[in-house]
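Worksheet: one structure, shown below.
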2 protein chains.
Amino acid sequence: MPKVGMEPIRRQQLIKATMAAIDEVGLADATVARIARHAGVSAGIISHYFGGKDGLLEATMRQILSDLGEAVAACRRKLRNDTPRARLEAIIEGNFDRSQVTDPVAKTWLAFWASSMHKPRLARLQQVNDRRLYSNLCAQFRRLMPLDEARLASRTLAAVIDGLWLRGALTPEGLDAEGARRAALATLDRLLAASDSVAASSSVAASDSATAIDAR
Amino acid sequence: MPKVGMEPIRRQQLIKATMAAIDEVGLADATVARIARHAGVSAGIISHYFGGKDGLLEATMRQILSDLGEAVAACRRKLRNDTPRARLEAIIEGNFDRSQVTDPVAKTWLAFWASSMHKPRLARLQQVNDRRLYSNLCAQFRRLMPLDEARLASRTLAAVIDGLWLRGALTPEGLDAEGARRAALATLDRLLAASDSVAASSSVAASDSATAIDAR
DNA sequence: AGTTTTTTATTGAACGTTCAATCAATAAAG
DNA sequence: CTTTATTGATTGAACGTTCAATAAAAAACT
């Protein structure tokens with residue numbers, strides 16, 4: 001039933017169907033036939049809109065990463081006070097946002113992460129996203145502690161966030177977003193508490209934000 | 001060139017070849033032909049010794065998990081003093097042991113983790129291992145803090161360890177074992193420091209170790 | 001307003017490829 | 001001469017892609 005302007009609708013439909021299929025049977029068994037069936041369309045249409053299965057997979061990963069980035073940005077925008085701590089909390093909240101933390105998303109995310117080890121195009125997407133998260137974290141920590149410490153803190157918090165996703169994706173009960181958020185926030189507390197006592201005396205903090213950006 | 005008693009040799013050979021193949025091209029493209037070529041044998045032999053490809057993959061995952069467990073156990077045995085903190089440090093050291101943290105192992109480990117989301121047999125292996133790590137952590141933390149705190153600390157440290165592996169597996173430069181160890185140990189420091197101040201006054205600590213075991 | 005033509009969207013069967021598993025043949029060791 | 005270990009060609013199933021056919025909608029025309 002061809003209407004005009006189907007392209008954006010079909011693309012969304014197929015991306016969603018891809019996540020559903022991966023959630024159901026895993027990336028390895030997510031065939032084009034199965035994805036198409038999930039979307040209620042024919043298999044051929046995938047090549048038509050995405051140039052092939054790989055194109056669809058890449059588009060799906062793009063969607064997940066941009067959704068995640070958008071959720072973080074939204075949390076940042078909601079902030080009333082602009083302290084480094086509040087910013088860091090917003091990053092955590094964004095990463096465990098209800099709209100993001102669903103079984104299909106978590107499982108698809110992990111599947112792509114594993115897959116990106118050997119697919120250069122996916123690896124690039126992953127890396128860009130990764131660096132952005134790390135940069136954001138580091139820029140904020142930098143305002144509260146020396147560079148070395150800030151780097152370590154960023155690495156640690158990033159690892160906690162990814163680790164919680166990872167474990168959540170595998171757990172039979174699904175990712176417990178609320179518990180994960182609490183664990184990540186508690187980690188942040190401890191990371192800041194460590195240098196809070198020092199921060200009072202040594203005022204290395206909050207100078208310019210230009211040097212705060214750290215490209216690993 | 002058939003000699004007797006080839007079975008254990010071939011099994012080891014093929015398991016190692018599996019990791020090498022996954023390191024090289026990923027689980028999705030690790031065909032039996034490629035694995036066999038890596039081991040310098042014919043493809044048919046895989047079905048002969050492992051009953052099929054799935055059997056080989058399961059055996060490979062078993063190997064990785066048992067190696068990891070063995071490394072942790074070895075670090076614990078080396079301990080001179082038996083404080084909870086030393087035990088926790090040993091768990092961390094074991095998880096980032098040089099013999100374990102290689103590219104083939106890290107990549108295979110992650111590939112299996114992703115795969116186990118949809119393969120019940122692998123999921124079971126993963127879960128058993130997971131619970132063991134969590135139990136070990138919780139038993140030690142329990143000697144230093146109240147149960148609720150101990151659970152949160154265990155979850156956090158487990159997430160940090162897995163998160164560091166995860167990020168290490170993807171990073172182009174490979175997993176930086178030394179840096180990861182430092183980050184994990186620093187996290188442990190902070191987790192203990194938080195309740196150290198309390199531990200001095202309230203002596204909830206080091207009583208019996210029977211109630212310390214916590215099955216999640 | 002009705003009819004024809006063009007454009008756009010979609011289908012699904014056919015094709016070629018790839019893979020895991022099988023098994024009869026083979027060759028060394030006991 | 002029997003047993004054990006190994007091979008590699010073969011088989012059948014499954015997959016992604018392609019493309020001619022189709023059908024609906026839009027545009028053009030009378």
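Each chain gets a letter, A, B and so on, in the order its sequence line appears, and its residues count up from 1. All values below were derived from every heavy atom in this structure, side-chain atoms included, with hydrogens, water molecules and symmetry-related copies excluded. In this text the structure is predicted, and so the values were computed from the model without any measurement.
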Looking at CD1 of B:Ile92 and CG of B:Asn95, how far apart are the two atoms once the value is rounded to the nearest 0.5 Å? 8.5 Å

Provide, to the nearest angstrom, the distance between the CG atom belonging to B:Asp29 and the C1' atom belonging to C:dC19. 11 Å

Compute whether any side-chain donor of one residue and acceptor of the other, for A:Arg10 and A:Gln13, lie under 3.5 angstrom apart. yes

From CZ of A:Arg34 across to C1' of D:dG16 the rounded distance in Å is 15 Å

Would you kindly give the CD1-to-C1' distance between B:Ile9 and D:dT4, to the nearest whole Å? 14 Å

Taking NZ, NE, NH1 and NH2 as the nitrogens, is one of them in B:Asp130 or A:Arg167 under 4.0 Å from a carboxylate oxygen of the other? yes

Without decimals, in angstroms, what is the distance between B:Leu57 CG and C:dA20 C1'? 12 Å

NA contact type, B:Gly52, heavy-atom cut-off 4.0 Å: base, sugar-phosphate, or nothing? sugar-phosphate

Residue B:Val41, side-chain heavy atoms: nucleotide from D:dG16, D:dT7, C:dA20 that is nearest: D:dT7

Could you check how far CZ of A:Arg37 sits from P of D:dC15, rounded to whole Å? 10 Å

Given D:dT6, D:dT7, C:dT11, which nucleotide is nearest the side-chain atoms of B:Ser42? D:dT7

In whole angstroms, how far is the P atom of C:dT10 from the CZ atom of A:Arg11? 13 Å

Under 4.0 angstrom, heavy atoms only, what part of the nucleic acid is A:Gly5 near: base, sugar-phosphate, or nothing? sugar-phosphate

Nearest-Å distance for atom pair CD1/C1', residues A:Ile45 and D:dT17: 14 Å

Look at A:Tyr49 and C:dT10 and indicate whether a side-chain polar atom (N or O) is within less than 4.0 Å of OP1 or OP2. yes

CG of B:Leu56 versus C1' of C:dC19: gap in Å, rounded? 15 Å

Please determine whether a side-chain nitrogen or oxygen atom of A:Arg10 lies at a distance below 4.0 Å from atom OP1 or OP2 of C:dT10. yes

Taking 4.0 angstrom as the limit, do A:Glu149 and A:Arg142 come out as a salt bridge? no

Between C:dT11, C:dA9, D:dG16, which nucleotide gets closest to the side-chain atoms of A:Met6? C:dA9

Regarding A:Arg87 and A:Asp82, does a basic nitrogen lie under 4.0 Å from an acidic carboxylate oxygen? yes

Between D:dT7, D:dG16, C:dA20, spot the one nearest the side chain of A:Lys53, thanks. D:dG16

Mind checking A:Gly55 for me? I need base, sugar-phosphate or nothing, with any heavy atom below 4.0 Å counting as a touch. nothing

Nearest-neighbour nucleotide for the A:Ser47 side chain, C:dA21, D:dT17, D:dG16 considered: D:dT17

